[in-house]
Amino acid sequence: RECFSSSSSCVFKCNFLFHRKRFGNKNVILSDIRKPPSHVFYSGPFIYSDILDYKNLREIVVNNRITWLVHYSALLSAVGEANVSLARDVNITGLHNILDIAAEHGLRLFVPSTIGAFGPTSPRNPTPDLCVQRPRTIYGVSKVHAELMGEYYHHRYGLDFRCLRYPGIISADSQPGGGTTDYAVAIFHDAVKTGKFECNLKPDTRLPMMYIEDCLRATVEMMEAPADTLSMRTYNINAMSFTPEELAQEVQKQLPDLEVTYDIDQVRQAIADSWPMNFDDSNARNDWGWKHDYDLPELVQTMLNYIGSDSRIAQTN
Ligand code: VAH
């Protein structure tokens, strides 16, 4: 049985629903400090939990006979910089709780990392799996810590720890979660609703990105991969890299009247300028057969179809 320790991130919500479809409602439990909206959580078990409450987490694992734990609780890059002490508690102390419980109860543990686990001294174009990691955000520092601690618990205690470094993840049915790549979600909603979009990153800011369906499939494929196919426990995964300008041009192929302006958020711009421009995910492709399905045109078409139909439904209701 899987338990999701959740967060408000869009990736989590879709991941949870994807797993429910695949493994059955009763075998996937959502736990969170607050209950998500009904369109995310429409059936199956939900349990309130606080990632900082070790004893409560342990009860949930034992009482529900959990075997796999997907740990999404974290403050993302931009919100983390606005509340470093909370980000440190949730992203680091919360992780320690999860590691101890997973090792104590022999769980398979998935913890996502991110392009944000690299920094300005890492190779940026492309960024390989193994290189210097000196991120400049509490989010990135906590994710490097998660990678290193997870691999230590794997080698020291035999914990089945698995980790993927996600690019910026783009999904239509959750609002941006306070990250640096939020612009790549907001543009679709604004383009459909108002025909105008103000971007908070410079037009030439290149970042690795991925559509949610690819992210979910990569997560499940990696969690299900036979242990002997994994030459590492932490992998980059990639799909595409684009700039705000390239994304806007692709959206304007479908919505020619879209007006795009730029009002740079200096905090997010500084973070983006320290991150990878392109991800090298050759190890994931060689070891456990990773391959992406969605490139930029497919991403734009899929997002506009979803949001466009959603907003038309909203207008008729
Ligand atoms: C952020 N969307 O921007 C998240 C992500 C790749 C970045 O981790 O913080």
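Both counts, for ligands and for their atoms, begin at 1 and track the order of listing. Computation of the quantities below employed the complete heavy-atom set of this structure, encompassing side-chain atoms and omitting hydrogens, waters and symmetry-equivalent molecules.
For atom 3 (O) of ligand 1, the closest non-hydrogen atom of the protein is T180 N, 2.6 Å. For atom 6 (C) of ligand 1, the closest heavy atom belonging to the protein is I115 CG1, 3.2 Å. Nearest protein heavy-atom contact of atom 9 (O) of ligand 1 is S77 OG, 2.6 Å. Of the protein's heavy atoms, Y139 OH, 3.7 Å lies nearest to atom 5 (C) of ligand 1. Of all protein heavy atoms, the one lying nearest to atom 4 (C) of ligand 1 is T181 OG1, 4.0 Å.
No side-chain donor-acceptor contact under 3.5 Å links R206 to the backbone of P276.
Annotation: T114 places an N or O atom under 3.5 Å from an N or O atom of ligand 1; distance criterion only.
At a heavy-atom distance under 4.0 Å, only backbone atoms of P167 (N, CA, C or O) approach ligand 1.
Between G116 and ligand 1 there is no heavy-atom distance shorter than 4.0 Å.
Sorted pairs that involve residues 67-77 and meet salt bridge (Lys or Arg N to Asp or Glu O under 4.0 Å), not counting sequence neighbours, are lacking altogether.
Counted by atom type alone, T180 and S77 present one or more donor-acceptor pairs between their side chains at under 3.5 Å. In summary, the side chains of H292 and R285 do present a donor paired with an acceptor at a separation below 3.5 Å, with no hydrogens or angles considered.
In the vicinity of L76, heavy-atom distances shorter than 4.0 Å reach the ligand 1 atoms 9 (O). Listed by atom number, the atoms of ligand 1 under 4.0 Å from G168 heavy atoms are 6 (C). Here is the list of ligand 1 atoms found below 4.0 Å of a heavy atom in G179: 1 (C), 3 (O), 9 (O).
More than 12 heavy atoms of other residues, nucleotides or ligands shown are found within 6.0 angstrom of CZ on R233.
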- [ ] Under the side chain to side chain donor-acceptor pair (under 3.5 Å) rule, what do D281 and N236 come out as? Steps first, then yes or no, please.
- [x] CA-CA 5 Å; D281 63 356; N236 295 346; over 6 Å; no
